[in-house]
Amino acid sequence: MKKIVLFLLTPLILTSLSCQRDFDEPNPDMLTTVSFWKSQEDAVKGINAVYSSLNRSDSYYNRGIFFLYLLRSDEGFGSGGDIGLNNNMSFAFTSNNTSNGTWNAIFHANFRANQVISYVPEIAMDETLKKRIIGEAKFIRALNYFNLAVFWGRPPLVLTPLSPTDYPPNATQEQVFAQIEKDLTEAIPDLPLSYTGEELGRVTRGSAYGLLAKTYLQQGKFNEAKLAMDWLVTGEGSSIYGLMDDYADNFKKTAENNRESLYEIQYKENPAENGDDDTNPGISLNTGSSVPKFLAPPNPGPGYADGGARRWIVTLFEQERTADDRRDPRAAASFLYDQTDERGPAFTMVYGQTWQAIYGGNDQRVWFRKLLNDHWKNGESFSSPNNYRMIRYADILLMYAECLNELGQTQSAYPHVDRVRTRVGLRPLSIARPALDQASFREQIRQERTLELAGEGWRYFDLVRWGEFANNLSVLRQRDPEFTNFVQGKHEWYPIPQSDIDNNPNLTQNPGY
């Protein structure tokens, strides 16, 4: 059962800086930073509003960010009737305002986080709770900037609540990553190891260590990333986290916040929802996710199929059989396609019907499955309760092995990969491919990550840090024809939204736009 949904249901202090009004004129119906931030209750409401901001817009973790995560990589593509989305994901932008909705949603979330970080220290309240709340806000601000650093590269670094007359300049990507490291390092000692009851789902110490490791690894700081993961793999965290016996349990609503999960975006179904903006008191707020409706197979299926998966990735699962001669079970857990059931389209079930009955026996399309709800119902709504598992322990083990290999400790890396492989029935790598040299192990770990994390949103981040856009673009184009449009030196980042460039004289555009 869902334990917690961290959404604020009243507008409180959280008006957006984009409102068209005189900001010097007091609004008698709205709490202000002067009248709010007085009590421990205010601090709790404030941090809950920060969590809520992750899902308050259909451009962020309600839906939009998943298009960037999944479809911008060689895993997926825009496959539906949304031409703007299709152009966006195929590097054929028609406007420098492309994806500005996600940019705006991220800065709205940081506006809330900055208020918590700035004002909660002055509240007279329980000190342990105060430190925890500030740590939670710093984690979410770090997560937001992690997305900005990878997708936009040079965002303004805003660390305090802005006034309408503030015009922050671009920061360098190095400055942004340094701030992420600072926020997470400061948050770690103040975050609890775990939560129970109604608090389950909040940021933990393990969440922060996991994101810190990803931040270091994204920059190629292998030693620092390993040190961050030592706590998780060989230290105190190793008794808290582990792998689920059944790989597919990581993507079912019946097994949320399990021992493999370091951090999840929390969702709760609201059948009566009619809007996503939690600053609007006149709506029934969507506390779930709408992305399954947009990723599920199309008519006569239950979804819009705005994002499809490339066929090469399901073919990759066929290269190695399990120790008892079965197909890798991660293929069926990750994708819906004509061979989700290895026996073929007459046996593959799609929301209660066979693939063959719906799409025939020759349809080669592939749909991302991990965010869907076909494991428990025969349709999709705009308010899915199935959490997004953002950071899993299997991901940590593979990153740890990657770091060890890059640090010249290849043989020590094998056991961590073995844990991930044997969970799904594959032979240990130490038996299947023993004594690999550093370069060969590097290629192997990239394949292991591709298969283990398929359809979870980390593929694009991996492609960036592996230098694939500079060094392997021809292979990407073979896998995903959309990369034919990719221009080196330009499309590694999105354009800074033109609307922000026009309104802020201190912002400059990214190269090539």
Side-chain angles (χ1 to χ4, degrees), residues 2-7 47-48 50-55 60-62 65-66 69 106 109-110 113 116 132-147 149-150 180-181 183-196 198-218 225 228-229 231-233 236-238 240-244 249-253 255-268 289 291 370-371 385-400 452-453 455-458 461:
K2 189 75 63 178
K3 299 298 183 184
I4 185 170
V5 177
L6 298 165
F7 294 96
I47 189 59
N48 287 356
V50 179
Y51 282 99
S52 178
S53 66
L54 296 176
N55 194 51
Y60 207 17
Y61 284 103
N62 178 296
I65 192 66
F66 294 106
Y69 280 177
I106 292 174
N110 272 352
V116 170
R132 190 201 86 188
I133 286 172
I134 295 169
E136 291 174 83
K138 287 183 175 180
F139 172 91
I140 295 175
R141 184 169 72 179
L143 171 63
N144 292 332
Y145 266 113
F146 186 78
N147 288 327
V150 174
I180 296 169
E181 294 166 11
D183 274 347
L184 294 171
T185 301
E186 291 174 352
I188 281 169
D190 295 330
L191 292 169
L193 302 182
S194 61
Y195 298 89
T196 58
E198 293 185 352
E199 302 301 309
L200 187 65
R202 292 184 183 273
V203 175
T204 64
R205 192 173 303 174
S207 309
Y209 270 120
L211 185 56
L212 181 61
K214 283 185 171 292
T215 302
Y216 284 133
L217 194 60
Q218 199 68 31
M229 288 184 284
W231 186 88
L232 292 162
V233 179
E236 187 177 10
S238 63
I240 300 172
Y241 299 102
L243 300 180
M244 296 293 286
D249 277 348
N250 288 299
F251 317 107
K252 296 177 180 178
K253 80 178 189 71
E256 293 170 340
N257 301 304
N258 60 52
R259 68 177 179 270
E260 191 165 340
S261 184
L262 276 71
Y263 187 64
E264 300 182 9
I265 300 292
Q266 306 290 311
Y267 298 123
K268 183 178 181 180
S289 166
V291 73
K370 288 177 176 175
L371 295 168
N386 195 12
N387 287 358
Y388 169 50
R389 280 67 160 186
M390 181 179 291
I391 307 177
R392 291 196 291 116
Y393 196 62
D395 187 1
I396 297 296
L397 292 174
L398 293 177
M399 290 195 300
Y400 197 71
E452 175 67 25
L453 301 170
E456 293 181 47
W458 289 112
F461 295 89

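Positions are given from 1 along the sequence.
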message: Within this structure, what is the CD-CZ distance for the pair Glu199 and Arg132, rounded to the nearest 0.5 Å?
response: 5.0 Å

message: Are the side chains of Ile265 and Tyr60 in contact, using a 4.5 Å heavy-atom criterion?
response: no

field: Donor-acceptor contact present, side-chain Arg205 to main-chain Leu191, <3.5 Å
entry: yes

query: Is there a donor-acceptor contact under 3.5 Å from the side chain of Asp183 to the main chain of Phe139?
result: no

Value rounded to 0.5 Å, distance of OH in Tyr145 from CD1 in Ile180: 9.0 Å

message: Minimum heavy-atom separation for Pro192 and Val203, please, with both atom names.
response: CD-O, 4.3 Å

- request: Check whether any side-chain N or O of Ser261 sits under 3.5 Å from a backbone N or O of Arg392 as a donor-acceptor pair, and report yes or no.
  value: no

- request: Using modelled atom types only, decide if a donor and an acceptor are shared between the side chain of Arg259 and the backbone of Ile240 within a distance under 3.5 Å.
  value: no

task: Specify the closest pair of heavy atoms between Ile47 and Val116, including all atoms of both residues, with the distance to one decimal.
output: N-CG2, 4.0 Å

Expected output: side-chain Asn386 to main-chain Phe251 donor-acceptor under 3.5 Å: yes

Nearest non-hydrogen partners of Ala113 and Ala137, listed with the distance: CB-O, 3.9 Å

task: Take Trp231 and Glu236, measure what side chain to side chain contact (heavy atoms under 4.5 Å, CB included) needs, and give me the verdict at the end.
output: CA-CA 6 Å; Trp231 186 88; Glu236 187 177 10; 3.4 Å; yes

- prompt: When rounded to the nearest 0.5 angstrom, what is the spacing between CD1 in Ile391 and CE in Met399?
  reply: 7.0 Å

message: Checking the side chain of Glu264 only, and the main-chain atoms of Asn387 only, is there a donor and an acceptor separated by less than 3.5 Å?
response: no

task: Determine the minimum heavy-atom distance between Tyr388 and Glu456, stating which atoms define it.
output: OH-O, 2.8 Å

query: If you take all heavy atoms of Leu217 and Ala225, which pair is closest and at what distance?
result: N-CB, 4.0 Å

message: Within the 3.5 Å criterion, strictly below it, is a donor on Tyr51 or Glu136 matched to an acceptor on the partner's side chain?
response: yes

- request: Find out whether Leu184 and Arg141 are in side-chain contact, i.e. whether some heavy atom of one side chain is under 4.5 Å from a heavy atom of the other.
  value: no

- request: Assess whether side chain to side chain contact (heavy atoms under 4.5 Å, CB included) is satisfied between Tyr209 and Leu262, documenting all intermediate values.
  value: CA-CA 9 Å; Tyr209 270 120; Leu262 276 71; 6.0 Å; no

Non-hydrogen atoms of Asn258 and Asp249 that approach each other most closely: ND2-O, 3.9 Å

message: Working to the nearest 0.5 angstrom, can you tell me the gap between Ile65 CD1 and Asn144 CG?
response: 9.5 Å

message: Between Thr215 (side chain only) and Leu211 (backbone N and O only), is there a donor and an acceptor less than 3.5 Å apart?
response: yes

query: Any Lys/Arg nitrogen of Glu260 or Arg389 sitting under 4.0 Å from an Asp/Glu carboxylate oxygen of the other?
result: no

query: Just by distance, with hydrogens left out, do Asn257 and Tyr195 show a side-chain donor and acceptor under 3.5 Å apart?
result: no

- request: Would you mind checking if Asp395 and Lys214 are paired as a salt bridge, meaning a charged N to carboxylate O distance below 4.0 Å?
  value: yes

field: Rounded distance [0.5 Å steps], CH2 in Trp458 versus CE in Met390
entry: 6.5 Å

message: Less than 3.5 Å apart, any donor N or O on the side chain of Asn147 or Tyr69 sitting next to an acceptor on the other?
response: yes

- prompt: Is a side-chain N or O of Ser238 found less than 3.5 angstrom from the main chain of Leu232, in a donor-acceptor match?
  reply: no

message: Can a donor-acceptor pair be found, under 3.5 Å and without considering hydrogens, that links the side chain of Ser53 to the backbone of Val50?
response: yes

message: Measuring from atom OH of Tyr267 to atom NZ of Lys253, what distance do you get when rounded to the nearest 0.5 angstrom?
response: 15.5 Å

